[in-house]
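Working notes for the structure below.
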Amino acid sequence: MVTYLDHAASAPMRDEAIEAMLPYLRDQYANPSGSHRFARQARQAVDESRDRVASVLGCRPNDVVFTGCGTESDNMAITGAVQRLGGAAVCAAVEHHAVLEVVEHHGGIVVGVDAAGRVDLDDLAAQLEGRNVSIVSVMTVNNEVGSINDLEAVGRVARRHAPGALVHTDAVQAVCWLDLRDVTPHVDLMSLSAHKFGGPKGVGMLVENGGPKIDPLIIGGGQERERRSGTHNTAGIVAAAVALELADAERTAEIARVSVLRDRLVDGLQASLNGVHETLSRADKVAGSAHVCIEGIESESLLYLLDEADVCASAASACASGAMEPSHVLAAMGVPHERALGALRLTLGHTTTEADVERGIEVVVAAVDRLRQRSAQVAS
Ligand code: PLP
């Protein structure tokens, strides 16, 4: 029996979303861009899904562009804005690589964050002032530590110091925890990914709030009103809309339920182990996120033991040229290098149960004890 504590990496699909996609895989397989009746039916399914997505996101249906994933939506926003407007791209230092690497690729500017992983608004203002900026990209919720940015404040700073710039937010990790109707009015562009909220992999969305603002990334067939070419993934889009509506409807109850589980998980680890540091105060992050740094262990070895015990978790350190590199997010937040090497990310969501949490605590505690004993033996 697998204990899945890795919802931020990918959430299990919701049954309703799986059911919704089956007819479009089995029977209604026509290309929505075609002209015959079956094609028109598929097109209608895509358009109805667009309406449903728009109503959850608080935008107009025609402002929703379906893409192939969150990474594509982020790439499209940054590259499309730079191509259209010609100025620099600016982002926060803790962005997902799907934003950070694209900004760096275009020679853009990376802005610092505070100890809670939120963009430093003073630094943002200073970096924007007097520059020709095409896009400012600040994520709604961080994928590693769960911190939340105030997009209204980001929008205000951007409009004052770089009035011509577009504001983009990567909201890929936000859907289950925040009502995006409160975020949409403050941004020009917003990226989403269906597999983070119980939809299928391979479906993303980019909201172009208020109409087309950027150049397309993928051209050819003219789908999505020339904004994103490529045959529609009808089944995936239908399922994504179903999952999004469910996540939206269940959000308030889920936040209450999951935050209790998350608190128990972290409290349970801290009660049984010394040297477990919570990276962020619980008030500063979304309910599904538990991120700790554990003294005296390395994430890689811990994840190996958790995997052996069928507990799925993650860290975000990468092994570069043989030396463990802590995550860019923790480094930007000022977490000391030594501490960051023991990072553990446990993320909860719609399928998480009390039993998952109790098993997670038991297995992590046993694995950390084992690793610490091993290093004590090596040292003696
Ligand atoms: N942005 C954030 C914040 C993410 O967490 C992820 C996925 O991990 C992505 C973008 C990329 O989304 P996708 O996996 O759909 O390409």
Side-chain angles (χ1 to χ4, degrees), residues 53-60 63-64 70 73-74 77-78 81 85 87 89-96 99-100 103 109-129 131 133-143 145-192 196-197 205-211 213-214 244 247-248 251-252 255 280-289 329 332-333:
V53 167
S55 106
V56 173
L57 301 182
C59 64
R60 302 180 312 188
D63 293 347
V64 176
S73 301
D74 285 342
I78 310 291
L85 301 174
V90 175
C91 75
V94 297
E95 296 297 314
H96 188 275
V99 166
L100 193 57
V103 167
I109 295 150
V110 176
V111 176
V113 297
D114 65 14
R118 295 171 300 218
V119 69
D120 178 336
L121 293 172
D122 293 334
D123 190 22
L124 179 63
Q127 297 288 354
L128 296 181
E129 193 58 45
R131 266 208 173 94
V133 176
S134 57
I135 186 161
V136 176
S137 182
V138 175
M139 68 206 313
T140 314
V141 172
N142 181 267
N143 49 300
V145 296
S147 47
I148 305 163
N149 276 298
D150 176 353
L151 264 302
E152 184 174 1
V154 170
R156 216 172 12 229
V157 169
R159 283 182 182 106
R160 175 170 317 152
H161 297 276
L166 298 173
V167 176
H168 167 247
T169 191
D170 174 336
V172 165
Q173 294 288 345
V175 169
C176 297
W177 317 115
L178 299 178
D179 187 342
L180 290 174
R181 294 174 190 89
D182 299 332
V183 175
T184 305
H186 307 297
V187 301
D188 300 293
L189 300 159
M190 179 159 66
S191 300
L192 298 167
K196 307 290 187 178
F197 52 80
M205 296 145 204
L206 181 69
V207 174
E208 288 191 66
N209 195 14
K213 295 164 189 285
I214 58 172
L244 185 64
D248 182 49
R251 187 182 300 110
T252 306
I255 291 173
L280 213 59
S281 95
R282 294 174 198 175
D284 285 333
K285 62 182 177 184
V286 294
S289 167
V329 173
M333 290 166 61

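For this chain, numbers begin at 1 and follow the sequence in order.
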Over all atoms of both residues, closest heavy-atom pair of [X] and [Y]:
X: E95; Y: M139; answer: OE2-N, 2.8 Å
X: A171; Y: L192; answer: O-CD2, 3.6 Å
X: L100; Y: C91; answer: CD1-SG, 3.7 Å
X: P185; Y: N209; answer: CA-ND2, 4.2 Å
X: G211; Y: D63; answer: N-OD1, 3.2 Å
X: I255; Y: A287; answer: O-CB, 3.9 Å

Do any N or O atoms from the side chain of [X] and from the backbone of [Y] form a donor-acceptor pair under 3.5 angstrom?
X: D114; Y: D120; value: no
X: D170; Y: H96; value: no
X: S134; Y: L85; value: no
X: D123; Y: G112; value: yes
X: T184; Y: C59; value: no

Could you grab the distance from atom [atom1] of [X] to atom [atom2] of [Y], nearest 0.5 Å is fine?
X: L124; Y: E129; atom1: CG; atom2: CD; answer: 11.0 Å
X: L166; Y: L189; atom1: CG; atom2: CG; answer: 5.5 Å
X: D74; Y: T169; atom1: CG; atom2: OG1; answer: 9.0 Å

Less than 4.0 angstrom from a charged side-chain N to a carboxylate O is my criterion; do D188 and R159 meet it?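 Answer for the salt bridge query: yes.
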Might you work through the side chain to side chain contact (heavy atoms under 4.5 Å, CB included) test for V286 and I148, ending with a clear yes or no? CA-CA 7 Å; V286 294; I148 305 163; 3.9 Å; yes
Given I214 and E208, is the side chain to side chain contact (heavy atoms under 4.5 Å, CB included) satisfied, shown in steps? CA-CA 8 Å; I214 58 172; E208 288 191 66; 3.6 Å; yes
Are the side chains of [X] and [Y] in touch, meaning some heavy atoms are under 4.5 Å apart?
X: R251; Y: D179; result: yes
X: I109; Y: R131; result: yes
X: V136; Y: V157; result: no
X: N142; Y: S147; result: yes
X: H168; Y: I78; result: yes

Answer yes or no: does atom CZ of R181 have more than 12 heavy-atom neighbours from other residues, nucleotides or ligands under 6.0 Å?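 Check passes, neighbour count above 12.
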Determine, step by step, whether V172 and N143 satisfy the side chain to side chain contact (heavy atoms under 4.5 Å, CB included) criterion, reporting the C-alpha distance in whole Å, the side-chain angles of both residues, the deciding distance to 0.1 Å, and the verdict. CA-CA 8 Å; V172 165; N143 49 300; over 6 Å; no
Run the side chain to side chain contact (heavy atoms under 4.5 Å, CB included) check on R156 and L121 step by step: do they pass? CA-CA 10 Å; R156 216 172 12 229; L121 293 172; over 6 Å; no
